[in-house]
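In what follows, a structure is listed as structure tokens, so that the remarks can point back to it.
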There are 2 protein chains.
Amino acid sequence: MPLTEAGIYAAALRLIDEDGVEALTMRKLATALDANPMSLYYHVPNKDAVLRGVARMVGAQFRTVKSEDAPWQERIRLLATDFRTLAQRHPRFMGYSFSLQSDFIQPDDPFWIELTAILDAAGVPHSELSHFTALVGFAINGVLTAELTGTLHRWSSLKPPTDGEDGLTPPGLDENRVFHLALDTIIMGLEGQLAVFGEGQGADH
Amino acid sequence: MPLTEAGIYAAALRLIDEDGVEALTMRKLATALDANPMSLYYHVPNKDAVLRGVARMVGAQFRTVKSEDAPWQERIRLLATDFRTLAQRHPRFMGYSFSLQSDFIQPDDPFWIELTAILDAAGVPHSELSHFTALVGFAINGVLTAELTGTLHRWSSLKPPTDGEDGLTPPGLDENRVFHLALDTIIMGLEGQLAVFGEGQGADH
DNA sequence: ACCTGAACACCGTTCAAGT
DNA sequence: ACCTGAACACCGTTCAAGT
């Protein structure tokens with residue numbers, strides 16, 4: 001099996017899934033590919049490019065059902081959960097790339113394009129469209145990152161037991177609850193904002 | 001000036017403010033202190049401890065006005081902006097510690113305690129208190145992190161010019177708008193959720 | 001008690017050289 | 001066209017030794 005660019009990215013992702021991004025090393029990556037560490041540099045300029053390649057690879061897997069006729073609330077929920085299930089397939093990489101979002105998050109990613117379209121359809125004024133897209137996207141991102149990096153999990157274990165119960169919440173259940181609660185709250189907030197826009201319009205004309 | 005633990009943290013923070021966390025090195029830190037790299041290890045167990053020390057140092061600077069008589073909406077806004085101004089004093093460190101939040105974010109930090117108190121006062125049921133605290137905290141965190149790491153800024157430059165204007169938004173203004181928009185939206189969402197709790201209570205009794 | 005030098009086991013990357 | 005070895009400039013950290 002000869003060395004290829006795609007093969008390098010795939011192997012890198014495999015290593016990251018196992019041991020996390022911080023453990024990825026050009027030298028380890030090479031030995032995982034049964035290759036000389038220096039051979040990688042013929043196919044790839046440097047380590048940073050490997051990470052970007054992995055990001056492109058994972059990002060390309062993102063699929064979301066196009067349901068343009070559904071109400072925008074439902075569409076946001078769908079988009080967010082689709083994105084979440086993708087993120088959960090590679091939690092260590094996504095947790096990293098979301099947080100150290102230096103160059104990984106681009107406004108022309110399918111997620112953001114779809115989110116913009118949904119908010120547009122919902123009635124967000126064009127002048128505020130990018131603001132609201134950023135707000136919703138990064139707020140969800142914040143909750144999801146906390147989930148992926150395990151911060152959320154370390155929290156819920158500190159939660160008071162549910163009134164005399166055994167005190168052990170089934171694993172993942174709390175994460176689910178917080179994520180959907182966040183979605184609900186943001187959507188409700190958007191509904192409120194849209195109502196404000198409506199009022200302003202009514203008063204002006 | 002002899003080497004001290006606090007002095008090491010202070011110097012580390014100074015270096016991070018200038019060049020970012022990823023540029024911090026035990027060896028650079030030592031030369032910045034006019035010391036032998038190995039001398040640090042007498043005062044500090046390892047690099048990770050240095051980062052944690054810096055986190056404690058920065059976190060200790062957090063102050064928020066206690067305004068228990070104000071409406072909870074105002075209290076959330078105040079807490080969030082207080083936290084934001086602290087974060088903006090050390091954007092590179094805060095951007096890092098928020099994202100790689102492995103061990104930096106603790107539920108017993110003053111920010112979270114105050115946020116919990118506010119949401120409690122707002123009427124969030126005790127069984128859901130930690131969920132809502134997490135939701136609000138990490139959503140705000142997500143937007144703030146995007147601001148600190150510059151992701152938000154790289155975005156707004158892609159914004160369509162405001163209809164025939166010069167197309168240049170004053171720097172920082174967009175960040176301000178998005179942050180406060182996020183606050184408003186989350187608060188509105190919380191109001192909605194609280195209304196739901198109210199209904200449920202009314203129907204049950 | 002506080003500091004130091006030498007050393008170890010790692011990194012990413014370059015570059016001239018091999019096939 | 002593809003791979004390799006040697007080498008460079010870095011890391012964090014240990015440890016025995018100095019004052």
Side-chain angles (χ1 to χ4, degrees), chain A residues 1-58 92-93 95-97 99-104 149, chain B residues 1-58 92-93 95-97 99-104 149:
Chain A
M1 49 196 84
L3 235 35
T4 62
E5 205 187 325
I8 291 175
Y9 299 149
L13 181 55
R14 228 174 299 126
L15 287 186
I16 290 172
D17 281 341
E18 286 168 17
D19 300 326
V21 179
E22 61 289 342
L24 181 70
T25 276
M26 293 302 272
R27 292 169 134 105
K28 281 191 211 157
L29 179 54
T31 60
L33 285 161
D34 258 322
N36 182 296
M38 299 312 124
S39 306
L40 300 181
Y41 285 91
Y42 179 78
H43 302 274
V44 133
N46 52 37
K47 186 178 178 180
D48 221 68
V50 173
L51 259 359
R52 277 202 308 276
V54 173
R56 232 182 307 113
M57 201 177 201
V58 174
R92 319 188 78 151
F93 179 74
Y96 167 84
S97 76
S99 52
L100 265 303
Q101 52 206 179
S102 350
D103 277 320
F104 293 106
T149 58
Chain B
M1 50 197 83
L3 235 36
T4 62
E5 204 187 325
I8 290 175
Y9 299 149
L13 181 55
R14 227 175 301 127
L15 286 186
I16 289 171
D17 281 341
E18 286 167 17
D19 300 325
V21 179
E22 62 288 343
L24 181 70
T25 276
M26 293 302 271
R27 293 168 134 106
K28 281 191 212 160
L29 179 54
T31 61
L33 285 161
D34 258 323
N36 182 296
M38 297 314 124
S39 307
L40 301 181
Y41 285 91
Y42 178 79
H43 304 272
V44 134
N46 52 37
K47 185 178 177 179
D48 221 68
V50 173
L51 258 0
R52 276 202 309 277
V54 173
R56 234 182 307 113
M57 201 177 201
V58 174
R92 317 188 79 150
F93 179 75
Y96 167 85
S97 76
S99 51
L100 265 302
Q101 52 205 178
S102 352
D103 277 320
F104 293 106
T149 58

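Below, chains carry the letters A, B, ... as their sequence lines are ordered, and counting in each starts from 1.
Using a 4.0 Å heavy-atom cutoff across all strands shown, M38(B) reaches at least one base atom of the nucleic acid.
Within the 3.5 Å criterion, the main-chain N or O of A23(B) finds a donor-acceptor partner in the side chain of K28(B). Judged by distance alone, the side chain of T4(B) and the main-chain N or O of G7(B) form a donor-acceptor pair under 3.5 Å.
In this structure, D34(A) atom CG and dT4(D) atom C1' are separated by 15 Å, rounded to whole Å. Taking atom CG on L29(A) and atom C1' on dC11(C), their separation rounds to 14 Å, with Å as the unit. Rounded to whole angstrom, the span from the CG atom of L51(B) across to the P atom of dT13(D) amounts to 11 Å. With rounding to whole Å, D48(A) atom CG is found 15 Å from dC11(C) atom C1'. Atom CD in E5(A) sits about 16 Å away from atom P in dA1(D), given to the nearest Å. One interatomic measurement links the two molecules: NZ of K28(B) to P of dC10(D), which rounds to 9 Å at whole-angstrom precision. K47(B) has its NZ atom 14 Å from the C1' atom of dC10(C), to the nearest Å.
Ranked by how close their nearest DNA chain D nucleotide is to the 5' end, T25(B) and H43(A) are led by H43(A). Mapping P2(A) and N46(B) onto DNA chain D via the closest heavy atom, the residue that lands nearer the 5' end is P2(A).
Listed nucleotides: dT13(D), dT14(C), dG5(C). Nearest to the side chain of N36(B): dG5(C). The side chain of L3(A) sits closest to dC3(D) out of dC3(D), dC3(C), dG5(C). The R27(A) side chain lies nearest to dC11(C) when the options are dG12(D), dC11(C), dC3(D). Taking only side-chain atoms of S39(B), from C-beta outward, the nucleotide of dA6(D), dT4(C), dT13(D) with the closest atom is dT4(C). Comparing dG12(C), dG5(D), dA1(C) by their closest approach to the side chain of Y42(B) singles out dA1(C). In this structure, the nucleotide among dT14(C), dA1(D), dG12(D) sitting nearest to the side chain of Y41(A) is dT14(C).
Partner assigned to dA7(D) is dT13(C), using Watson-Crick or G-U wobble distances below 3.5 angstrom. Base pairing annotation: dG18(C) forms a Watson-Crick or G-U wobble pair with dC2(D), both donor-acceptor distances under 3.5 Å.
Among the candidates L51(B), V44(B), L29(B), the single residue satisfying the side-chain contact (heavy atoms from CB on, under 4.5 Å) test with Y9(B) is V44(B).
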Side chain to side chain contact (heavy atoms under 4.5 Å, CB included) between V50(A) and L40(A): does it pass, once the steps are laid out?
CA-CA 10 Å; V50(A) 173; L40(A) 300 181; over 6 Å; no
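M26(A) is listed as a side-chain neighbour of Y41(A), based on a closest heavy-atom distance under 4.5 Å.
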